[in-house]
Amino acid sequence: MKIHFRLTTFLIVLLFGGLLIPTKAWSQTEGEQLFTRVCIACHTIGQGKKVGPDLANVHTRNDEAWIIKFVQSSTAMIKSGDPKAVALFEENNKVLMPDNNFTDAQVKGIVEYIKSKSPAAGSAPAPVFVPSVFTKQQETNGKQLFTGSQSLANGGPACNSCHNLNYDAIITGGSLAKDLTDAFPRLQEQGVKGIISASPFPAMAHAYKGKIITEDEVHNLSAFLKYVGESKNIGQGRDFGLNLLFSGLGGGVALILAFGMFWFRTKRTSVNQAIYDRQIKTY
Amino acid sequence: MDILNTFLFIGFPYIAIAVFLIGIIYRYRYSKFTYSSLSSQFLEGRRLYWGSVPFHWGILFLFFMHLAAFLIPDSIIAFNRHPVRLLVLEIGAFMFGITVLFGLITLFVRRINNPRLMPVTSKMDITLELLLLTQVVLGLLLAFTTRWGSTWFASVLSPYLFSIFTFQPDITAVSAMPLLIKLHLIGAFLIFTLFPFTRLVHMLVLPLQYIWRPYQRVLWNWPRKKVRDPKTVWTRFRPKNN
């Protein structure tokens with residue numbers, strides 16, 4: 001009885017204790033840390049547009065409460081029809097900014113950091129981005145990196161584990177993350193490179209934690225995605241989902257039949273069958 | 001939502017681990033002889049075979065593959081780099097998933113249809129059976145709708161599970177996962193929580209010594225000659241050796 005009581009108490013403590021464990025150590029939280037870990041994939045400060053707008057002097061264009069709300073859930077604001085949010089969404093190729101699990105103080109910290117890094121009014125305008133000219137070799141390398149036939153230098157998983165491309169020449173990709181067939185036309189070179197090198201998406205960020213994709217690899221992958229995005233005759237891609245289903249079903253049935261063939265009879269003869277047979281033979 | 005995720009992916013796994021560890025030790029110490037699969041083969045054998053064998057081979061393969069993706073994620077990622085190897089692994093896992101599903105359905109139908117089995121079936125058996133069925137259906141759906149599970153498990157979920165076992169839980173990635181994956185994970189934690197209270201404990205007392213123990217001689221304690229006596233009344237078979 002005593003043991004039961006102790007066990008129950010222990011379980012209750014565990015149950016509520018679990019709620020109190022923090023998900024992350026935020027003790028060193030600073031705007032800079034967050035900006036360089038999350039925002040940098042899509043935004044610059046004074047270096048021009050990437051996936052999203054250049055954030056230089058963002059505090060002069062919007063009030064703080066609006067920025068906090070937008071950073072935390074731009075999706076909700078666009079859905080609610082906030083005119084400024086909708087306009088930003090339209091201006092940026094209708095690419096949604098993922099919702100961020102930041103507190104008000106953390107967003108304020110990021111804004112402070114942006115403020116400190118923003119060029120003073122009247123200084124030179126942001127440099128104009130010159131798109132790269134990719135070679136055929138870079139496209140091929142990018143294709144090999146995408147499918148995994150060429151390993152990423154730091155051991156990260158191949159892109160097609162989670163992403164699909166509608167491209168007949170390669171195996172169907174994963175469907176956990178977004179289809180990247182039109183990624184390049186939507187995000188352009190800066191956006192694609194920004195997301196590959198420092199993904200703002202939590203699952204991708206985790207998958208490549210400590211397995212950074214090198215600059216060369218990012219460049220080659222961008223070359224391949226540009227080729228796929230801009231080519232017209234690369235097919236529709238093979239949908240392997242149904243193949244997986246039917247092969248799996250067929251294989252499963254074959255396995256069940258195999259189990260029957262190998263073992264079905266074994267349980268139906270008694271353990272002394274051998275002795276019995278021998279006796280008949282010598283009779 | 002944050003609190004719910006924190007509970008489901010931090011609190012709940014720790015509860016599951018604690019209940020699992022305390023439960024299996026407690027049960028072993030205080031009712032050792034209940035550590036069994038509680039076989040009902042004597043009561044019904046034919047359907048059991050078609051349920052139990054596909055189920056066990058399938059679940060063994062799937063269990064060890066999940067374990068491998070958790071323990072040696074980099075090797076799985078490296079293995080999957082070649083498309084043919086990836087396909088072999090994915091289709092193989094799907095095949096075994098199908099055998100598990102077939103086995104579980106056969107076992108469930110056998111349980112509820114056979115009156116001889118009702119007295120040896122507990123509510124927990126039915127609960128566990130339904131839980132395993134849900135889990136395998138979710139797993140098959142996941143494999144079909146959210147490709148390629150073997151790689152993303154190794155690259156995204158394995159670090160999360162490691163973070164749990166190293167007491168530095170990080171749920172940023174798992175919180176952003178699709179609902180099906182979350183349900184499959186919650187199902188797994190639930191199975192671990194129920195483990196000590198079900199017949200699953202038989203996994204822990206695998207009779208591995210059977211592999212290397214000496215042969216046993218089976219002796220009958222009644223006169224064999226009498227059985228072969230043609231004068232004895234036989235209800236089914238006439239002895240062949242007389």
Side-chain angles (χ1 to χ4, degrees), chain A residues 3 7 10-11 14-19 21 23-25 98 101 147-149 151 155-158 160-162 164 170-177 201-209 240-241 244-245 247-256 259-260 263-264 267 271-272 276 279-280 283, chain B residues 2-3 5-7 10-12 14-15 18-19 22 26 45 49-50 53-54 57-58 74 77-78 80-83 86-87 90-99 101-102 140 143-149 151-152 154-156 159-160 169-173 175-178 218 220 240-241:
Chain A
I3 289 172
L7 268 179
F10 182 65
L11 291 180
L14 260 179
L15 181 73
F16 291 102
L19 292 173
I21 300 172
T23 50
K24 269 182 207 150
N101 192 14
T147 57
S149 54
S151 309
N160 78 340
S161 314
C162 299
N164 183 43
I170 60 171
I171 181 183
T172 310
S175 47
L176 177 71
F201 306 108
M204 185 165 163
H206 258 68
Y208 292 95
K209 204 174 179 180
F240 202 80
L244 174 73
L245 180 69
S247 320
L249 273 172
V253 172
L255 267 180
I256 292 164
F259 293 143
W263 288 294
F264 187 59
K267 302 219 170 188
V271 284
N272 63 341
Y276 181 75
Q279 280 178 335
I280 291 178
Y283 182 68
Chain B
D2 270 354
I3 291 181
N5 277 335
T6 307
F7 171 69
I10 300 181
F12 191 28
Y14 282 121
I15 293 169
V19 172
I22 296 169
Y26 184 84
Y49 177 84
W50 287 104
V53 172
W57 281 108
D74 289 342
I77 292 170
N80 280 349
R81 283 212 183 96
H82 196 288
L86 171 74
L87 289 181
E90 287 282 337
I91 294 174
F94 203 90
M95 277 161 57
F96 281 103
I98 294 289
T99 66
L101 182 66
F102 173 82
L140 286 170
F144 177 55
T145 59
T146 319
R147 295 181 311 258
W148 300 108
T151 311
W152 58 248
S155 50
V156 182
Y160 155 67
D170 183 354
I171 56 165
T172 31
S175 306
M177 284 285 176
V218 181
W220 280 266
K240 290 177 189 167
N241 56 345

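Just so we're on the same page: letters track the sequence lines, and every chain starts at 1.
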Legend entry - Test log, rule side chain to side chain contact (heavy atoms under 4.5 Å, CB included), inputs B:W57 and A:L255: CA-CA 10 Å; B:W57 281 108; A:L255 267 180; over 6 Å; no

Legend entry - Partner chain A: residue of B:H82, B:E90, B:M95 with the largest heavy-atom pair count (under 4.5 Å): B:M95

Legend entry - Proximity breakdown for B:F144 and chain A, heavy-atom pairs closer than 4.5 Å: both

Legend entry - Closest-packed option against chain A by number of heavy-atom pairs under 4.5 Å, given B:V156, B:L140, B:N80: B:V156

Inset, instruction - Name the region of B:P178, side chain, backbone, both or neither, that has any atom closer than 4.5 Å to a heavy atom of chain A. - result: side chain

Inset, instruction - Would you confirm whether B:T146, through its side chain, and A:L176, through its main-chain N or O, come within 3.5 Å as a donor-acceptor pair? - result: no

Legend entry - Per-residue contact mode, B:L101 against chain A (heavy atom under 4.5 angstrom): neither

Legend entry - Beyond-backbone contact of A:V253 with B:F102, side-chain heavy atoms, under 4.5 angstrom: no

Legend entry - Pairwise distance OG(B:S155) to CH2(B:W148) - rounded to 0.5 angstrom: 14.5 Å

Inset, instruction - Please round to the nearest 0.5 Å and tell me the distance separating atom CG of A:N164 and atom OG1 of A:T172. - result: 6.0 Å

Inset, instruction - Counting only heavy atoms closer than 4.5 Å, note whether B:T145 contacts chain A via side chain, backbone, both or neither. - result: backbone

Inset, instruction - Among the options A:A158, A:A254, A:S149, A:G156, pick out the one with the most heavy-atom pairs lying under 4.5 Å from chain B. - result: A:G156

